[in-house]
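Hydrogens, waters and symmetry mates are skipped; everything else that's a heavy atom, side chains included, is used. Letters go in sequence order (proteins before strands), and every chain restarts at 1.
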Amino acid sequence: MIHLLAAEWYRLWKRKLIWAMVLALPLAAFASATYYQGANASVSPDLPQYAVVGNFPVLAIAEMIYFFDLLLIALVATIWTEEIRSGQLRMVLLRISDFHRIWWAKIGVLLGTVLLLLLLYLGCSYVAGYFLLPHTEQFPLFYRAGQVGVWEGMWYNLQYYGIAYLTLVSFAGFLILMGSICRTVTGALGAGMSFLLFSFMYPYVAGYFIPLIGEEVYQKIFFSSLPMIQWEGIVHLLSDHSTGAGWMVGILLLYPLLFGLPAMLLLSRKDQWY
Amino acid sequence: MDRILEVKGITKKVRGRYLLQEVTFDVFLGEICGLLGPNGAGKTTLIRLLTGLIRPTAGSIRVMGADVQRERGQALRQMGAIVENPVFFPYMSGRQNLINLALLDPHLTEAKRQSRVEEVLEVVGLAGRADDKVGTYSLGMKQRLGIAQALLGDPKVIILDEPANGLDPIGMRQLREIILKLNQEAGITFLISSHLLDEIQRICTQLVVLNEGKVVWQGATKELAREGELEEAFVELVSR
Ligand SMILES: Nc1ncnc2c1ncn2[C@@H]1O[C@H](COP(=O)(O)OP(=O)(O)O)[C@@H](O)[C@H]1O
Ligand SMILES: [Mg+2]
């Protein structure tokens with residue numbers, strides 16, 4: 001298994017896409033810090049939206065997380081769909097005795113790489129904040145009373161990135177099924193994007209029906225969407241009175257189970273692979 | 001006995017259609033065996049089964065005594081193969097592709113991996129182009145790189161799927177020379193599929209002729225040459 005992981009890792013990091021990401025992340029962090037530098041002028045310093053070194057990583061990932069969603073779509077389309085459908089994987093399959101292993105190796109390498117890139121972005125956003133944003137000893141957090149210091153703030157940031165990572169893992173569960181079903185890379189990319197768009201749209205549509213379905217059901221529908229969890233759910237989970245935590249954790253588990261298991265079963269039909 | 005490949009009663013049925021029916025033959029040590037048949041005869045399907053990429057509906061395949069289905073790891077260790085086309089990762093160089101595949105062999109240590117990759121590149125004459133991306137290789141070079149990857153694990157038998165397809169005369173001769181050299185000097189057994197009798201006659205000592213999923217003739221290439229009538233029948237059969 002360790003050999004298979006090594007080979008998958010070796011191959012993924014020979015791709016230009018990954019290195020383009022590694023270069024793009026610091027740039028994005030600095031661009032975002034520059035933006036917040038300007039935005040701070042019109043925000044009161046005692047609001048959590050006011051960017052300082054300590055809270056900038058969370059502000060910086062808020063939109064960037066969608067970029068990670070897109071990266072994930074692209075990665076699954078290349079390391080699943082392209083490798084399987086083009087026959088590139090055949091010479092690898094000729095060397096392993098259990099096809100399930102390649103599956104797990106791919107998942108391991110995919111999630112490991114995404115984690116590494118996310119941590120890289122966290123680091124970059126601290127560096128960018130350090131150079132471009134105010135240094136304060138205390139700063140407020142979203143939906144939390146009082147203020148926190150730099151270390152407590154860092155722990156909060158780590159938790160935030162941790163949950164953001166879990167949402168990406170959850171999304172990967174869906175993508176892997178698409179990546180194995182779709183016959184072309186374009187198809188796999190399309191399926192991933194459509195899912196993302198759909199997940200953005202339906203909570204808005206549900207918004208019109210609040211008088212009919214009630215606020216509580218609406219909240220459940222809203223937080224059944226992965227990008228909505230990424231957008232608003234994470235701060236709710238980390239707030240003083242975290243509401244709907246059980247629901248969101250359930251949703252995050254549901255996606256990999258709902259889509260990952262069929263993908264597994266599909267794989268055990270060995271003739272699918274050659 | 002020196003039986004390298006043992007194919008017994010292999011049948012493959014997909015969605016009610018027989019792609020292969022009761023295919024039985026053996027390949028012995030040191031032979032270069034040709035698998036001859038027109039397009040769609042089932043050659044690639046048979047090679048997929050031989051390499052354990054798909055499961056047979058009935059029958060069994062043994063590589064040096066190891067069952068491809070039940071002892072896949074052991075069977076694969078004795079065998080190198082190109083199935084369908086030599087498809088590599090185009091964004092990596094020839095050398096990187098080989099290193100990547102060699103990483104999958106648990107018997108190769110770090111140091112041995114490097115030297116083995118250089119050795120096989122040398123054998124197929126690609127050492128000079130090893131740092132170029134495979135995406136820039138000609139078909140002939142990809143076939144040779146395919147043989148190089150098949151050689152990585154020091155196999156007893158190598159299976160090639162229509163290696164001459166699309167090659168120019170020079171590429172064809174280079175390929176033939178490499179195969180003959182490996183057979184004579186390293187004692188490697190070959191199973192080579194083709195839809196052209198001419199080209200396979202030149203190097204193969206044995207022939208298995210496949211048509212519509214069934215073995216229609218098997219024996220030594222010499223016998224075929226003697227029976228002039230039969231030859232004509234095959235030419236007609238495979239050129240249909
Ligand atoms: N996965 C599959 N499902 C259904 N039919 C297939 C499949 N793979 C190959 N075939 C059919 O099996 C026959 C033999 O194909 P193949 O083994 O590729 O022949 P050859 O390599 O001799 O040209 C062809 O008619 C082909 O259409
Ligand atoms: Mg074929």
Side-chain angles (χ1 to χ4, degrees), chain A residues 1-22 74-75 77-106 108-109 113 183-185 265-274, chain B residues 12 14-15 19 44-45 47-57 66 68-77 79-93 96-108 110 113 133-134 145-146 148-150 152-153 155 159 161:
Chain A
M1 189 71 200
I2 193 80
H3 296 274
L4 203 47
L5 277 168
E8 289 286 327
W9 187 267
Y10 178 92
R11 217 156 62 223
L12 184 57
W13 284 81
K14 287 278 180 289
R15 282 188 180 271
K16 286 208 184 78
L17 174 65
I18 296 292
W19 290 104
M21 268 312 269
V22 170
L75 283 180
T78 45
I79 60 187
W80 261 265
T81 318
E82 189 190 1
E83 288 198 358
I84 295 170
R85 300 297 171 185
S86 68
Q88 289 169 352
L89 206 58
R90 217 152 38 211
M91 286 190 187
V92 174
L93 293 177
L94 287 177
R95 288 172 162 78
I96 55 177
S97 44
D98 181 357
F99 287 3
H100 281 96
R101 287 196 189 158
I102 191 142
W103 186 254
W104 289 113
K106 277 185 181 302
V109 166
T113 300
R183 299 203 167 260
T184 62
V185 173
L265 292 177
L266 200 68
L267 168 73
S268 24
R269 287 173 52 200
K270 206 174 179 183
D271 287 13
Q272 288 278 329
W273 290 61
Y274 42 70
Chain B
K12 179 69 184 177
V14 177
R15 281 178 241 113
L19 303 187
T44 300
T45 305
I47 290 174
R48 285 205 173 98
L49 286 158
L50 283 166
T51 49
L53 289 177
I54 58 175
R55 270 189 280 255
T57 310
V68 170
Q69 285 303 315
R70 276 175 286 123
E71 303 147 289
R72 185 173 152 83
Q74 215 181 321
L76 289 182
R77 206 168 306 146
M79 171 161 72
I82 300 178
V83 184
E84 190 108 66
N85 301 306
V87 186
F88 290 93
F89 298 96
Y91 53 90
M92 298 199 292
S93 72
Q96 287 169 339
N97 265 282
L98 292 181
I99 291 173
N100 186 233
L101 293 172
L103 276 172
L104 296 167
D105 187 342
H107 304 279
L108 284 176
E110 174 80 36
R113 195 180 305 135
K133 296 247 187 302
V134 171
L145 190 61
Q149 65 81 30
L152 277 175
I159 300 174
D161 196 356

Member of Glu82(A), Glu83(A), Lys14(A) meeting the side-chain contact (heavy atoms from CB on, under 4.5 Å) criterion with Phe89(B): Glu83(A)
Option that, when pairs with chain B are counted at under 4.5 Å, heavy atom only, ranks first among Asp98(A), Ile2(A), Leu94(A): Leu94(A)
Most contacts with chain B, counted as non-hydrogen pairs under 4.5 angstrom, among Met91(A), Gln88(A), Arg11(A): Arg11(A)
Pairs of heavy atoms under 4.5 Å with chain A: top-ranked of [options]:
options	value
Leu76(B), Val87(B), Asn85(B), Asn97(B)	Val87(B)
Ile82(B), Val83(B), Thr51(B)	Val83(B)
Pro106(B), Gly73(B), Ala81(B)	Pro106(B)

Atom pair CG (Leu103(B)) and OH (Tyr10(A)), whose distance is rounded to the nearest 0.5 Å: 7.0 Å
Inter-residue atom distance Leu104(B).CG - Leu5(A).CG, 0.5 Å rounding: 10.5 Å
Contacts of type ring-ring contact (aromatic ring centres under 6.0 Å, His included), residue Trp104(A), not counting sequence neighbours: none
Structural part of Leu101(B) lying under 4.5 Å from a heavy atom of chain A: both
Part of Gln74(B) within contact of chain A (heavy atom distance under 4.5 Å): neither
Closest heavy-atom pair and its distance - Arg90(A), Leu53(B): CG-CD1, 3.6 Å
Pairwise side-chain contact, Leu152(B) with Arg95(A), heavy-atom cut-off 4.5 Å (strictly under): yes
Residue pair Tyr91(B) / Arg15(A), side-chain heavy-atom distance below 4.5 Å: yes
